[in-house]
Each structure stands twice: as C-alpha cells, then as structure tokens.
2 protein chains.
Amino acid sequence: MASKGEQTRMKLMEIAEQHILQNGFSATSIDDLITEAGITKGGFFYHFKSKHDLAQALMRHYREKDELLFSDLFLRARELTDDPLQQMLVFVKLLSEMMAEIEDLHPGCLVASFTYESHQVNEEIRELTAASILDWRRLFREQIDRINDVRPPNIDVDADTLADMLSTILEGGIIVSRAVNQKDILVRQLLEYRNYLGLLYG
Amino acid sequence: MASKGEQTRMKLMEIAEQHILQNGFSATSIDDLITEAGITKGGFFYHFKSKHDLAQALMRHYREKDELLFSDLFLRARELTDDPLQQMLVFVKLLSEMMAEIEDLHPGCLVASFTYESHQVNEEIRELTAASILDWRRLFREQIDRINDVRPPNIDVDADTLADMLSTILEGGIIVSRAVNQKDILVRQLLEYRNYLGLLYG
DNA sequence: CGAAAACCTGACCCGGGGTACAGTAAAAAT
DNA sequence: ATTTTTACTGTACCCCGGGTCAGGTTTTCG
C-alpha cells in the first residue's frame with residue numbers, strides 16, 4: 001500500500017487538478033490547496049519544490065493516465081469486434097459515455113488550461129502538453145491506419161488530421177459545453193465525429 | 001474621430017486581449033497593461049472601475065466584433081454563389097484563411113480563456129461567453145437550415161449540433177494548434193469540417 | 001528499543017496586486 | 001479667455017501569494 005507521503009502527494013495533485021481546471025494555474029494558490037488537503041505550507045514544499053514542480057508532476061501523471069485510459073477503451077472495443085472501423089466507432093462511443101458519466105461539474109483538460117496560460121508555465125510543461133497531444137495523435141492514427149488497410153476512405157483525407165480531429169473535438173467540445181453549461185454538447189460532438197467516420201468509410 | 005480617452009481605452013483593451021490569451025485573466029496584471037500602454041495606475045482606473053470591468057468590456061467588444069466578422073464572411077460567400085451549401089463551404093474556407101493570416105503568434109479566443117478560469121470571473125462574464133457561443137450557433141444554424149431546405153442530409157443530424165460543431169472545431173483547433181505549436185492544424189481541422197459537410201450533403 | 005529517515009509545522013520574508021483618492025494637466029465647451 | 005469636463009499622475013494602503021527555514025513529530029526498520 002501507498003506510504004503516507006505518497007497519499008498526501010496524490011491528494012494534493014487531485015485537488016490541484018480540480019482547482020486548475022476551474023480557476024487556471026495562476027489563480028490556483030498553494031494556500032487553497034493546503035487548506036483543502038489539511039496540511040501546511042511546509043508540508044507542501046516537502047512534496048513539491050515549487051508550484052511549477054507540482055504542475056509538471058500533474059502533467060506527467062495525467063499524460064500517463066490518459067494513455068492508459070485510451071488504451072483500455074481500445075482494448076474493450078477490440079473485444080467486441082474485429083473490424084477496425086467498428087472498433088474506432090465503439091472507442092468513441094465508450095469515450096463519450098465516460099464523459100457523460102463525470103458526475104460533478106464539467107469535464108476539463110489540463111492541456112487546454114496550460115495552453116491558455118502558456119506564458120505562465122515553463123518550457124517543460126509546454127513540452128508535456130505537446131507530448132500529450134502527440135500521444136493521442138499516434139494512438140488514434142494507428143487505428144485509422146488499420147481502417148485504411150481494410151478499405152480506403154471515400155474521399156482523400158490525411159490520417160494525422162483525422163486523428164487530430166478527435167483531440168480537437170474533445171478539447172473544443174469541453175469548452176463549448178462548459179461555456180453554455182450543457183454537458184450533453186460534448187457527447188453530441190463526439191458522436192458527430194462518429195458520423196463523419198461512418199460517411200467517410202461507409 | 002475618437003477622443004483621446006477612447007483611444008487609450010481601446011489601446012488598453014487590445015493589450016489586455018493579447019495578455020489574457022497568452023497568460024490567462026488572473027495572471028494578467030494591471031501593471032503589465034499600463035506599462036505597455038504608457039500610463040499609470042490611476043489612468044487605468046479612470047477608464048475601468050476594476051479589472052473585472054475591463055474583462056466585461058473586452059467580452060462585450062469581441063462578441064460584437066465576431067458577429068460583424070462572421071456576418072461579413074457570409075456576405076462575401078453569398079456574393080460568390082446562390083447555393084446555401086456552397087456558401088457555407090466558402091464561409092469556412094474564408095474563415096480558415098483568416099486564421100492562417102494572423103501573423104504573430106497563434107489565434108486564440110477569449111471565450112476559451114474565460115471558460116477555463118470560470119471561477120475567477122463574475123457571472124456577467126460567464127453570461128457573455130455563453131452568449132457568444134449561442135450567437136455563433138444561431139448564425140451557423142440559420143445557414144444550415146437553408147441548406148436543409150434545398151436538400152436533406154444523407155444521414156439524420158441535429159442542426160444545432162452541426163452548427164455547434166463549427167464552434168467546437170474552432171475552439172479545439174486553436175488549442176491543439178497552440179499545444180503542438182503548428183498553426184496549420186487549425187486550418188486543416190476547419191477544412192475537415194468542410195469535408196464532413198460535403199459528405200453529408202454530397 | 002532506538003536511530004535514521006520520512007513527513008510535516010508555523011513563523012517569517014518579500015514582492016506584487018488591486019484599490020482609493022487627492023491633486024494636476026490637457027482638451028472641450030461657452 | 002475662462003470655465004468645465006476629461007483624462008490622467010503619484011502615492012499610499014493593505015492584503016495575498018510564493019517561497020524559506022529551523023525545528024518537531026511520526027514511521028520505518030534494524
């Protein structure tokens with residue numbers, strides 16, 4: 001089991017994620033975090049040597065977490081069907097269901113948070129946000145290549161662009177959903193991506 | 001011509017927009033703005049009664065500006081063709097070209113900035129961000145309705161969702177472009193929306 | 001049991017941020 | 001030309017945030 005220190009560290013990271021998604025990185029004060037975590041300033045700086053250090057740890061952690069999540073959803077999709085297109089359609093469906101099931105508040109993404117505060121974070125964090133997006137591109141693109149191996153698309157599209165489109169709709173859908181305070185918009189947008197794939201390969 | 005006060009006010013708003021898009025609202029200090037504008041703190045508070053007041057003025061201004069811009073692009077599209085679908089395709093094309101032409105830095109959107117700092121801004125600003133998105137929905141939806149009047153789509157899609165998809169791709173495309181530092185991604189994503197429309201009504 | 005390592009406390013520093021306001025210069029109005 | 005309005009300047013205030021540090025407590029492990 002996790003040591004006491006690891007638990008506190010994790011707790012801080014979870015609290016920080018929520019704060020950053022609602023308030024942004026700059027407006028997330030260490031005071032807020034430690035108050036909610038029930039520790040003191042010294043305790044915070046025992047775990048993280050600075051606020052940026054926390055942000056880096058956060059990005060690293062959620063990059064891994066997303067990789068695992070997406071891989072898992074693909075695995076589940078591949079158990080249901082052998083057709084790459086169907087697998088992709090199931091993947092997006094599962095993803096949309098996950099998004100719908102986030103109970104409290106709206107879904108958010110640290111990549112977007114840090115991107116809109118890019119001048120407030122250091123180079124390592126910017127690299128991590130870029131790396132996350134490129135992870136997703138690679139993962140989605142692999143599946144799209146598999147689809148293309150089975151049957152060509154009805155019109156000529158760039159595989160990377162089609163892969164990025166899913167990230168784009170995720171990030172954009174989150175913003176539009178939150179801006180108008182309607183959670184179902186994100187789900188609908190993801191399903192619209194499915195429609196596009198259907199027409200492209202149907 | 002604009003009075004001296006109006007000019008300074010505008011200058012402050014322009015500087016503030018850039019700062020907010022790069023650093024976020026919370027990290028945008030009044031000191032930064034007045035230094036760049038060449039005035040002092042007192043001068044700032046002559047024009048805006050608070051930082052939030054500036055943010056509200058900004059959102060109001062850019063909501064109007066976007067409305068005008070989008071309307072203008074539609075007008076230009078309607079001069080080129082009478083077919084509603086072609087008009088929409090031209091509109092998106094013009095929009096993508098505009099985005100490509102922003103010389104310095106990457107495109108950004110205040111709606112996204114404020115959305116990811118929603119707990120840092122007041123209710124009026126949140127209402128203005130929602131109103132902006134709903135403006136776009138109405139504008140895009142009107143055009144989609146015209147397309148549907150001419151010919152039905154090949155698959156059943158919700159007109160509002162299809163309208164929101166353009167906002168989604170815009171917002172998402174901005175984030176993905178900025179995150180990986182490749183401006184052409186946004187353009188490609190917008191063109192992908194065109195492809196979708198093409199397949200949907202082709 | 002005892003020592004070493006891990007974990008945390010709480011007071012303090014320092015710079016910066018938003019705000020207020022009294023006074024001043026420049027522009028506009030009469 | 002004089003008054004009035006507009007557009008500021010300069011300064012002082014207070015709080016808040018990131019970060020430091022010397023020491024205290026709790027775990028872990030031999």
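Proteins get letters first, then strands, A, B, ... in listed order; numbering begins at 1 in each. These numbers come from a predicted model, not from an experiment.
B/R9 has its CZ atom 14 Å from the P atom of D/dT6, to the nearest Å. At whole-Å resolution of the value, CD in A/Q7 and P in C/dA6 are 17 Å apart. Here the C1' atom of nucleotide C/dG18 and the CG atom of B/D53 are 14 Å apart, to the nearest Å. Regarding A/E6, its CD atom lies at a distance of 16 Å from the C1' atom of D/dT28, rounded to whole Å. The distance from atom CG of B/D31 to atom C1' of D/dT11 is 13 Å, rounded to the nearest whole Å. Per the geometry, CZ belonging to A/F48 stands 14 Å off C1' belonging to C/dC8, to the nearest Å. Spacing between atom NZ of A/K51 and atom P of D/dG18 amounts to 5 Å, rounded to whole angstrom units. Between the NZ atom of B/K49 and the P atom of C/dT19 there is a distance of 10 Å, rounded to whole Å.
Comparing A/F44 and B/G43 by the nucleotide of DNA chain D whose heavy atom lies nearest to each, the residue mapping closer to the 5' end is B/G43. With DNA chain D read from its 5' end, the first of the two nearest nucleotides for A/G42 and A/F25 is the one closest to A/F25.
Nucleic acid contact for A/T40: base, since at least one base atom lies under 4.0 Å from a heavy atom of the residue. Within the 4.0 angstrom heavy-atom criterion, no nucleotide atom of any strand lies near A/S26. Counting non-hydrogen atoms under 4.0 angstrom, B/F45 reaches a base of the nucleic acid.
The pair A/R141-A/D164 does not count as a salt bridge, with every side-chain nitrogen at least 4.0 angstrom from each carboxylate oxygen. Taking the charged nitrogens against the carboxylate oxygens, B/E192 and B/R188 have no contact shorter than 4.0 Å, which rules out a salt bridge.
For D/dC16, the OP1/OP2 oxygens have no side-chain nitrogen or oxygen of A/S29 closer than 4.0 Å. For D/dG18, neither phosphate oxygen OP1 nor OP2 lies less than 4.0 angstrom from any side-chain nitrogen or oxygen of A/S50. Under 4.0 angstrom from either OP1 or OP2 of C/dC8 there lies no side-chain N or O belonging to A/Y46. Close to D/dC8, at under 4.0 Å from its OP1 or OP2, lies a side-chain N or O of B/H47.
In this model, a donor atom of one side chain and an acceptor atom of the other lie less than 3.5 Å apart for A/N181 and A/H106.
In this structure, A/R178 satisfies the cation-pi test against B/Y116, with its NZ or CZ atom closer than 6.0 Å to the six-membered ring centre and inside 45 degrees of the ring normal.
For A/K41 against D/dG19, a side-chain N or O and a base N or O form a donor-acceptor pair under 3.5 Å.
Applying the ring pair (Phe, Tyr, Trp, His ring centres under 6.0 Å) test to residues at least two apart or on different chains, the pairs with a partner in residues 10-41 of chain B are B/F25-B/H52, B/F25-B/F114.
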